[in-house]
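Computed from a prediction, not measured in an experiment: that's the story for all the values here. Reminder, nothing fancy here: chain letters follow the sequence lines and each chain counts from 1.
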Number of protein chains: 2
Amino acid sequence: MDEVKTPEVYVDGVIFQLIDNELSVLLTQRERNPFKDRWALPGGLDPIEETTYKAMTRILVEKTGVRVNQLGIIEQLYTFDTVIGNPEGPAVSVVYLGIGKNITPKATQSHRNSQFFSVKQLPELAFDHNKIITYAHQRLKAKVSYTNVIFALLPQLFTLSQLQDAYQAVLEEVLDKRNFRKKFLGLGLIHPTGEFHMGGAHRPARLYKFNKLALQYLSRGFD
Amino acid sequence: MDEVKTPEVYVDGVIFQLIDNELSVLLTQRERNPFKDRWALPGGLDPIEETTYKAMTRILVEKTGVRVNQLGIIEQLYTFDTVIGNPEGPAVSVVYLGIGKNITPKATQSHRNSQFFSVKQLPELAFDHNKIITYAHQRLKAKVSYTNVIFALLPQLFTLSQLQDAYQAVLEEVLDKRNFRKKFLGLGLIHPTGEFHMGGAHRPARLYKFNKLALQYLSRGFD
DNA sequence: ACAAAAGTGTTAAGAATACACCCATGT
DNA sequence: ACATGGGTGTATTCTTAACACTTTTGT
């Protein structure tokens with residue numbers, strides 16, 4: 001109604017994957033001010049003709065070379081008000097949480113540097129992006145406990161040890177091997193494939209598969 | 001950057017309280033098109049000089065006479081893209097979830113009709129507001145199970161039966177009285193005040209109080 | 001033969017569920 | 001005296017938590 005101006009709408013993405021059993025987040029180096037050369041979450045303005053989801057998809061490719069369909073899951077996380085330190089005026093930022101595996105960012109026309117950083121060793125980021133990543137990590141912790149979302153961090157075929165490592169990386173705690181297996185197998189989310197992972201100087205490990213590669217809510221919470 | 005136009009930013013509120021042990025939601029009747037005379041969630045445009053939270057606060061008073069400090073809790077729920085049926089073009093709506101008790105909406109300059117409706121008997125609402133309320137109710141169900149948020153629905157002094165009724169209204173299921181009491185008292189969130197609720201033609205009921213009237217996360221989930 | 005990760009079971013404590021009767025008051 | 005909601009305990013099942021040794025492979 002009338003002539004009210006509303007804030008600018010931005011989108012930002014917190015994209016997680018595991019690298020060497022560490023939860024890691026995709027960052028891109030800013031090409032301009034404000035915060036030129038600082039690392040930041042991939043994001044940008046949401047143009048009027050795109051939904052925030054669509055804008056996120058496009059911007060992610062443009063800035064990091066990562067396509068949303070490489071992700072196991074992407075969902076809205078939270079909307080933050082007024083980007084701190086943004087000299088270009090009031091804004092809201094709709095933040096998405098994405099989870100994937102084996103993602104390799106590429107240099108693009110607009111951004112020459114993008115890479116994954118362990119959440120344990122983040123540099124000081126642009127805007128309030130450190131805070132946003134902490135929030136996303138908390139949400140992910142909760143989510144692996146009451147859904148099967150861990151699938152998004154794992155390859156199609158995986159060993160129980162890989163599964164446990166993924167949980168441990170997200171939850172930042174060590175779990176008991178026997179109890180972990182008993183409990184997780186009891187959820188009925190995965191099945192053994194009959195194949196084995198050979199390779200190390202040790203006994204081969206059964207390879208498992210998720211029954212469904214879509215988000216499911218668990219009746220009994222996990223951990 | 002540059003000359004990109006972004007969508008309009010709206011805020012909307014889903015304000016719950018109990019009325020006759022039914023979970024009810026605050027609606028206001030639209031004074032203009034689109035959807036003139038339809039019931040709708042209180043909401044409006046977020047002007048550039050206000051955060052979405054601040055805009056929510058102001059708009060809630062303007063449209064329904066309800067002040068945010070009458071609510072036990074208010075928090076961001078979700079951001080919906082492009083208000084369906086909004087002829088005024090693309091928009092995002094940042095939706096807040098509020099919970100209170102003993103709230104009486106008042107007619108205001110801009111809106112003559114505001115009232116609570118049981119979520120079980122909602123009329124057909126403007127935009128996608130029915131869908132948003134369903135989503136908010138789901139979230140509330142989850143939230144009463146892993147936080148103490150139920151306090152926001154109850155008076156300061158309350159009986160265990162009132163507490164159980166509140167859970168039952170939110171969860172839409174019947175709980176066992178003895179198990180409910182054992183479990184809830186075991187959480188250590190409330191304490192008896194020594195006072196009693198006299199009145200009915202029956203044994204007086206102990207009155208309890210929450211230890212803290214602020215959101216707490218439970219170690220063991222509830223129900 | 002040794003190193004390295006895979007795999008496997010039992011016991012004890014705590015939590016969840018199912019279930020029925022007496023108590024204190026108002027009328 | 002009776003109607004109404006308040007208040008209480010036990011037995012069973014299921015879940016969680018703690019804990020250590022054997023197996024299979026590569027070198």
Under 3.5 Å between N/O atoms: give me all the protein pairs with nucleotides 24-27 of chain C, atom names plus distance.
| from | atom 1 | to | atom 2 | distance (Å) |
| --- | --- | --- | --- | --- |
| C:dA24 | N3 | B:Arg203 | N | 2.9 |
| C:dT25 | O2 | B:Ala201 | O | 3.3 |
| C:dT25 | O2 | B:His202 | N | 3.0 |

Enumerate the protein-to-nucleotides 9-12 of chain C contacts in which both atoms are nitrogen or oxygen and the separation is below 3.5 Å.
| from | atom 1 | to | atom 2 | distance (Å) |
| --- | --- | --- | --- | --- |
| C:dT10 | O4 | A:Lys182 | NZ | 3.0 |

Qualifying residues under ring pair (Phe, Tyr, Trp, His ring centres under 6.0 Å), relative to [X], sequence neighbours excluded:
{"X": "A:Phe117", "value": "A:Trp39"}
{"X": "B:Tyr96", "value": "none"}
{"X": "A:Tyr208", "value": "none"}

Just N and O in the side chain of A:Ser161: are any of them under 4.0 Å from OP1 or OP2 of C:dA5?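 Negative; the distance criterion is not met.
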
Just the atom pairs and distances: protein N or O near nucleotides 13-15 of chain D's N or O, under 3.5 Å.
| from | atom 1 | to | atom 2 | distance (Å) |
| --- | --- | --- | --- | --- |
| D:dT15 | OP1 | A:Arg220 | NE | 3.0 |

Can you pull the salt bridge (charged side-chain N to carboxylate O under 4.0 Å, His left out) pairs that have at least one residue in residues 97-125 of chain A, sequence neighbours excluded? A:Glu31-A:Arg112

Let me check something: any side-chain donor-acceptor pairs from residues 21-29 of chain B under 3.5 Å, sequence neighbours excluded? List them with distances.
| from | atom 1 | to | atom 2 | distance (Å) |
| --- | --- | --- | --- | --- |
| B:Asn21 | ND2 | B:Asp165 | OD2 | 3.4 |
| B:Glu22 | OE1 | B:Ser118 | OG | 2.6 |
| B:Ser24 | OG | B:Glu22 | O | 3.0 |
| B:Thr28 | OG1 | B:Asn113 | O | 3.1 |
| B:Thr28 | OG1 | B:Ser114 | OG | 2.9 |
| B:Gln29 | OE1 | B:Asn113 | ND2 | 2.7 |
| B:Gln29 | NE2 | B:Asp37 | O | 2.9 |

How would you list, by chain and number, every residue that makes a side chain to side chain contact (heavy atoms under 4.5 Å, CB included) with A:Lys182, sequence neighbours excluded? A:Asn179

Residues that A:Ala40 engages under side chain to side chain contact (heavy atoms under 4.5 Å, CB included), provided they are two or more places apart: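 Listed in chain order: A:Arg30, A:Ala126, A:His129.
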
Whole-Å distance separating the CZ atom of B:Arg206 from the P atom of C:dC23: 15 Å

Mind calculating the distance between CZ (A:Phe180) and C1' (D:dA18) to the nearest angstrom? 17 Å

All N/O donor-acceptor pairs, side-chain side in residues 70-77 of chain B, below 3.5 Å, sequence neighbours left out:
| from | atom 1 | to | atom 2 | distance (Å) |
| --- | --- | --- | --- | --- |
| B:Gln70 | OE1 | B:Arg67 | N | 2.8 |
| B:Glu75 | OE1 | B:Lys143 | NZ | 3.4 |
| B:Glu75 | OE2 | B:Lys143 | NZ | 3.0 |

Can you give the donor-acceptor pairs under 3.5 Å from side chains of residues 189-199 of chain B to other protein atoms, not counting sequence neighbours?
| from | atom 1 | to | atom 2 | distance (Å) |
| --- | --- | --- | --- | --- |
| B:His191 | ND1 | B:Asn211 | OD1 | 2.5 |
| B:Thr193 | OG1 | B:Glu195 | N | 3.1 |
| B:Thr193 | OG1 | B:Leu207 | O | 2.8 |

